[in-house]
Each structure stands twice: as structure tokens, then as C-alpha cells.
Amino acid sequence: MTLSTQPYKGARDFYPQDKRLQKYMFGKWREVVEHFGYEEYDAPILEPLEIYLAKSGEEIVNEQTYSFEDRGGRKVAIRPEMTPTVSRMVAAKRQELAYPLRWYSIPNLWRYERPQKGRLREHWQLNVDIFGVKETGAELEMIMLVNEVFKAFDAKPDMYEIRLNHRSLVDYSLADYLELDAKTRQAVGKLIDRMHKMSRPDFISKVDEILPAAQKAAGTTEKLLDLLDAKKLADLPAEVQKQPAAQELKNLLDNLKSLGINHATFDVTLMRGLDYYTGIVFEVFDTDPENNRSMLGGGRYDGLVGLFGVAPVPTVGFGWGDVTLANFLKIHHLLPQLPAETDVWVALVGDVLEQSQPIITALRHEGLNVAVDLSGRKLGDQFKTADKKGIEQVLIIGETELQKQLFTLKNLETGKEKKQNLNDVVSNIKTHRSIK
RNA sequence: GCGGACGUAGCUCAGUAGGUAGAGCGUCGGGUUGUGGUCCCGAAUGUCGUGGGUUCGAUCCCCAUCGUUCGCCCCA
């Protein structure tokens with residue numbers, strides 16, 4: 001039987017070129033998030049299955065989680081998301097941690113489902129959470145942070161759109177304003193979540209299917225449509241606008257505006273699937289029609305830490321997947337030319353490896369990344385190899401160089417080369433590196 | 001879990017109205033001795049995804065299966 005060279009379904013191999021892109025993305029993520037004072041943490045990739053059962057939503061756990069039983073009969077899951085894990089960690093040290101707590105992580109997550117565009121079985125996700133702040137200053141900081149990350153990738157404000165909603169506002173609208181019972185609320189909520197995927201008549205007929213006859217007769221459908229047509233908070237019915245949740249949203253949007261973040265808007269249809277959100281929720285969408293999907297999402301979940309048997313801790317957080325970020329960067333031409341990790345390729349002429357080692361070592365001690373062509377092939381072939389690897393600088397060492405202690409440093413891009421002493425070699429490579 | 005499309009050299013793909021296949025790119029070699037990327041010349045490579053069926057004969061038709069991909073469901 002021949003073994004397949006393909007990676008496991010829905011998962012990716014990261015060849016150095018791919019890993020380089022990942023390192024670039026993660027590097028920006030870390031940089032910006034740490035500028036906001038967030039600290040990195042990590043945790044096991046395996047968790048007891050139960051921690052996902054409580055609040056993630058039934059179907060997610062039952063059908064979309066990699067889970068198994070270990071040899072001791074324990075039910076184990078490969079983590080499909082980070083939020084329960086970080087909540088567990090905070091709960092475990094609830095008393096001794098210093099709040100507000102700002103934590104982030106870039107875990108590798110797995111979900112068992114059919115792969116599709118922008119959604120694989122495996123992905124990496126930036127998770128940023130702030131614990132211990134019940135005021136909307138936490139939400140404000142999160143959205144500013146997200147916006148700064150986009151800036152760090154050179155994205156312009158018209159490339160993405162920040163949409164906000166509030167769970168309590170949704171709950172009030174559906175339960176009190178429209179007077180829907182719990183079951184109908186859930187069905188209507190799911191329908192709203194995907195209303196932009198269908199035509200209006202379709203949506204209306206689906207709503208009519210869900211609503212109890214009495215309510216349909218009482219004009220609830222029209223009332224709902226009217227509500228969903230609100231493009232801004234001021235369009236909402238007066239009694240909905242009076243809700244504290246609406247005020248919270250208004251304040252947040254005003255604050256964002258005064259900070260120059262104008263592409264954040266209220267979106268009454270924004271639902272987010274997870275059951276654990278309790279307050280403001282937000283998502284960021286790519287404005288490119290080719291990639292019109294949610295890139296990241298999050299919100300307030302004040303109840304999750306408390307599930308672990310301690311007093312609740314107010315929390316705001318979001319997750320941002322690497323696949324969706326990469327798609328965004330690609331479609332907006334924001335992917336930079338990423339240089340090779342290696343600064344210089346050493347091409348040897350003749351049997352001079354041993355004599356060259358002190359020089360190579362000296363370069364490394366100078367902080368340079370140096371790879372040696374050990375093949376003994378013709379110089380031209382050694383150049384080809386360096387070129388193929390994307391390494392621009394080649395240092396040629398042969399008998400003549402060793403005798404005179406003058407080395408030939410060649411730039412493969414310009415084709416220029418020059419004999420120089422070791423100090424100049426070092427400074428030239430460093431200068432060249434810093435230009436990139 | 002459901003539906004559509006696709007699966008031919010390392011890659012992108014063409015092709016055979018059923019008689020075991022090709023182009024570009026890439027790879028390798030050469031264009032003399034320590035200089036690549038351009039150019040020129042030459043070469044190698046495929047059980048035509050896998051298994052079965054129809055047929056004298058299948059890469060081409062049929063079925064199944066696996067994989068890729070797009071969408072649905074769901075969305076962390």
C-alpha cells in the first residue's frame with residue numbers, strides 16, 4: 001500500500017513558505033496586543049469534554065468536536081475553542097489574579113465538520129480577553145485593539161466593517177417587545193442570523209412558518225420586519241431604544257466615533273451563535289464582495305468563569321482565525337514579500353569547509369543567520385540553490401579568499417559582488433537585512 | 001450529515017467520438033576549468049485517484065469508494 005502524502009482532511013501542512021506567512025501574521029498580532037498590555041498564556045490542547053457542554057451550544061459539542069475516550073474512560077475533546085479553557089484557568093486562580101486581567105493566546109483549534117472556503121477543520125485563532133471589567137470601557141478597548149491590528153496589517157478602514165449588537169437588546173426585542181415564547185425566540189434568532197443569505201419574501205415566509213398563528217394575525221411579522229429594518233439605533237422603536245442595552249451601545253458607538261473609528265455600526269441582525277454571550281457582541285466583516293464573511297467575532301460573556309464554581313468575572317473577548325485573516329490579506333493585496341530567515345548563503349569553492357568554519361562561526365556570533373552549501377557542487381549550482389530559497393546574499397569562500405582573508409559577498413538580486421574583509425562582510429549583510 | 005463540480009507527469013491543464021497519452025512551467029544534464037536568475041540544446045517522469053462492472057480491449061462508458069472543491073446545515 002502506498003502511503004498518501006496529503007495532510008489529514010481539512011488540515012494544513014505548513015511548509016517554510018507557509019510558516020513564514022503565519023509567523024508574520026502572528027507577529028503582528030502579538031505586537032499590537034502586547035502594546036495594549038495583554039499577556040500570553042497557553043493550555044493543553046485536550047480538555048475534558050464537559051467544559052464545552054455547558055455553554056457552547058449542544059450541536060457544536062455533539063457533532064462538531066473531535067472527542068474520544070481515554071484509557072481511563074474519561075471523555076476528552078480536542079479543544080474546538082479557547083474560551084472555556086481560559087475561563088477555567090481564570091476560575092482556578094480567581095482570588096489571586098490581578099484585575100483587570102488582559103490575556104491572549106494563539107491556540108490551534110479543531111472542529112469536526114466538512115471543510116469549505118475559509119473554514120477548515122483546523123485553524124489557529126488569536127484569542128484576546130479582558131477579565132474583571134463590567135463597564136463598556138472593556139468593549140471600547142477591544143474594538144480599538146482590533147482596529148489597531150488592522151492598521152498594523154496596513155488595512156484601510158474601507159476594507160472592513162465593525163458591526164455591533166447587544167444580547168440584552170435582542171432578548172428584550174424578541175421576548176418583551178414582540179412577545180415571543182422561548183422556543184419561537186430561538187428559531188427566529190437563527191433565522192435572523194442568516195437573513196442576509198435569502199431574499200426578503202423567503203425570509204418573510206420563513207418567519208410566518210415559525211410564528212404561532214395568533215401572533216401572525218396580530219401583526220408580529222410586520223413588527224419584526226420593522227425592527228430588523230433599523231439601520232441605526234435611532235430607527236428602533238422608542239420602547240426598544242429606552243433599554244439600558246441600547247444606551248450602552250449608543251455610548252460605545254459615540255466613543256468610537258470620537259476616537260475616529262467611524263466604520264463601526266449598529267447591526268440589529270447580528271446574533272452570534274454561542275449561548276454564552278451576555279452583553280455587547282461584535283463582528284468584523286470583510287467589505288470585499290468576494291469575501292463577504294465574518295472575520296472575527298466576540299463580545300461580553302459575564303457568566304462563563306462562574307460555571308467553574310467561583311463568583312462570576314465579567315469578561316469581554318474575541319477570536320480571530322488565521323485562515324480568515326489570510327484570506328482578507330490576500331484579497332486586499334496586503335501580503336508583503338516575506339524575506340527568508342537566512343541572511344546569507346555560504347558557497348564554498350574546493351575542499352575548504354574546515355578552514356571556513358571559523359569565519360562562518362564568527363558570522364553567526366555576530367547574530368547573522370548563516371547557512372552553508374555543503375554539496376561541493378559548482379558555484380553556479382550553489383547560487384541557484386540560494387536563489388531558489390530566496391536568500392539574496394551569497395558569501396563565496398575559496399582558497400584565494402582564505403589566503404587573503406578577503407571574501408566575496410555577492411548580491412543575487414543586483415548581481416553585484418565585492419571582495420571585502422570580514423568586518424565589512426558583517427556590516428554589509430546587516431545593512432542589507434535592515435533595509436528589508 | 002445533505003447536494004453540485006472535479007480527480008490525467010512535481011505543478012497548471014489539454015486529450016483520446018473506447019485501441020494504455022501530451023503541452024507549458026518545474027526537475028535533471030549540457031553550452032569546458034570559481035559566478036545563478038535570461039537564452040539555446042537535450043533528457044527523465046505517469047499502473048490517466050482506487051476498486052469493481054460492461055467490452056475482444058477502458059484513462060475515456062456504468063457503479064462504488066476515497067480525495068479535492070463549492071454550497072447547505074452549523075459556526076468556535
Side-chain angles (χ1 to χ4, degrees), chain A residues 1-2 4-12 15 47 51-52 55-66 77-87 107-127 190-191 193-194 197-198 271-277 281 283 290 293-299 301 304 317-324 345 347-352 373 376-402 407-419:
Chain A
M1 180 188 134
T2 311
S4 168
T5 56
Q6 276 177 345
Y8 172 72
K9 187 182 179 75
R12 298 163 289 169
Y15 285 84
E47 288 280 358
I51 81 165
Y52 303 109
K55 278 281 179 175
S56 294
E58 281 295 318
E59 181 168 8
I60 289 176
V61 175
N62 292 336
E63 294 173 17
Q64 302 193 343
T65 299
Y66 277 89
I78 301 178
R79 61 187 177 197
E81 58 166 330
M82 201 56 171
T83 305
T85 298
V86 70
S87 299
N108 191 213
L109 308 173
W110 291 79
R111 51 195 164 203
Y112 192 83
E113 64 175 0
R114 195 94 170 240
Q116 54 183 293
K117 192 174 185 180
R119 209 172 158 76
L120 307 172
R121 285 182 164 182
E122 158 272 326
H123 73 152
W124 301 76
Q125 189 185 61
L126 171 67
N127 269 257
K190 285 197 171 180
L191 195 60
D193 200 21
R194 54 198 175 91
K197 285 186 178 178
M198 57 184 97
M271 289 291 141
R272 294 200 59 68
L274 288 181
D275 295 342
Y276 52 60
Y277 290 109
V281 290
E283 282 189 39
E290 293 292 302
R293 57 167 53 236
S294 170
M295 281 189 282
L296 68 97
Y301 53 103
L304 210 43
F318 71 87
W320 188 345
D322 67 326
V323 180
T324 163
W345 185 258
L348 300 176
V349 181
D351 188 15
V352 294
D373 190 311
R377 292 168 302 171
K378 295 187 296 190
L379 250 192
D381 290 334
Q382 299 189 50
F383 288 169
K384 267 192 211 168
T385 302
D387 190 49
K388 203 167 169 181
K389 289 176 188 291
I391 301 167
E392 282 182 36
Q393 306 271 73
V394 177
L395 184 69
I396 304 163
I397 305 180
E399 296 288 353
T400 45
E401 282 82 359
L402 288 165
F407 308 94
T408 310
L409 185 63
K410 181 182 175 86
N411 183 312
L412 290 183
E413 201 155 281
T414 61
K416 288 187 181 148
E417 63 180 53
K418 198 180 167 189
K419 291 207 175 191

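Each chain gets a letter, A, B and so on, in the order the sequences are listed, and its residues count up from 1.
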Query raised in the report: Do A:Arg111 side-chain and B:rC75 base share a donor-acceptor contact under 3.5 Å?
Result: no

message: For A:Tyr15, I'd like to know if atom OH has over 12 heavy atoms of other residues, nucleotides or ligands within 6.0 Å.
response: no

A correct 5'-to-3' footprint of nucleotides 26-38 of chain B, with B, S and - meaning base, sugar-phosphate only and no protein heavy atom under 4.0 Å, is -S--S---BBBB-

A:Gln64 CD to B:rG1 C1', in whole Å, measures 10 Å

Applying salt bridge (charged side-chain N to carboxylate O under 4.0 Å, His left out) to A:Glu413 and not counting sequence neighbours gives none

Stems of at least 3 consecutive Watson-Crick or G-U wobble pairs (donor-acceptor distances under 3.5 Å) involving RNA chain B, listed by first number, are B:1-7 with B:66-72, B:10-13 with B:22-25, B:27-31 with B:39-43, B:49-53 with B:61-65

- Hey, does A:Arg194 reach any base, or is it just sugar-phosphate, or nothing, if we go heavy atoms under 4.0 Å? sugar-phosphate

Taken in chain and number order and not counting sequence neighbours, the residues that satisfy salt bridge (charged side-chain N to carboxylate O under 4.0 Å, His left out) with A:Arg377 are A:Asp373

Residue set satisfying side chain to side chain contact (heavy atoms under 4.5 Å, CB included) with A:Thr85, at least two apart, ordered chain then number -> A:Ala43, A:Glu47, A:Ile51, A:Tyr52, A:Met82, A:Arg88, A:Met89

**Asked** Is there side-chain contact between A:Asn411 and A:Gln393, with heavy atoms separated by less than 4.5 Å?
**Response** yes

Q: Please check if the side chain of A:Gln382 supplies one atom and the backbone of A:Leu348 the other of a donor-acceptor pair under 3.5 Å.
A: yes

Separation of B:rC72 atom P from A:Met198 atom CE, nearest Å, is 11 Å

Whole-Å distance, A:Glu113 CD to B:rC72 P, equals 12 Å

Hits for side chain to side chain contact (heavy atoms under 4.5 Å, CB included) against A:Glu122, two or more places apart or cross-chain, chain-then-number order -> A:Ala11, A:Arg12, A:Phe14, A:Asn108, A:Trp110, A:Trp124

Please enumerate all protein N or O atoms sitting under 3.5 Å from an N or O of nucleotides 40-51 of chain B, with distances to 0.1 Å.
none

Between CE of A:Met271 and P of B:rA76 the distance, given in whole Å, is 13 Å

Sequence neighbours excluded, the answer for salt bridge (charged side-chain N to carboxylate O under 4.0 Å, His left out) partners of A:Arg121 is none

Any chance NZ of A:Lys419 has more than 12 other-residue heavy atoms, nucleotides or ligands included, within less than 6.0 Å?
yes

By side chain to side chain donor-acceptor pair (under 3.5 Å), A:Thr400 pairs with (sequence neighbours left out) none

Taken to the nearest whole Å, OH/A:Tyr52 to C1'/B:rA76 is 10 Å

* Heavy-atom distance under 4.5 Å between the side chains of A:His123 and A:Arg111, does that happen here? -> yes

Between the protein and nucleotides 67-71 of chain B, which nitrogen or oxygen pairs come in under 3.5 angstrom?
from	atom 1	to	atom 2	distance (Å)
B:rG67	O2'	A:Gln6	OE1	3.2
B:rG67	O2'	A:Gln6	NE2	3.1
B:rU68	OP2	A:Lys9	NZ	3.0
B:rC70	OP2	A:Lys117	N	3.3

Sorted by chain and residue number, the side chain to side chain contact (heavy atoms under 4.5 Å, CB included) partners of A:Glu399 (sequence neighbours excluded) come out as A:Val352, A:Gln355

Hits for salt bridge (charged side-chain N to carboxylate O under 4.0 Å, His left out) against A:Glu401, two or more places apart or cross-chain, chain-then-number order -> none

Here the distance between atom C1' of B:rA76 and atom CD of A:Glu122, to the nearest Å, is 14 Å

Here the distance between atom P of B:rA76 and atom CE of A:Met295, to the nearest Å, is 15 Å

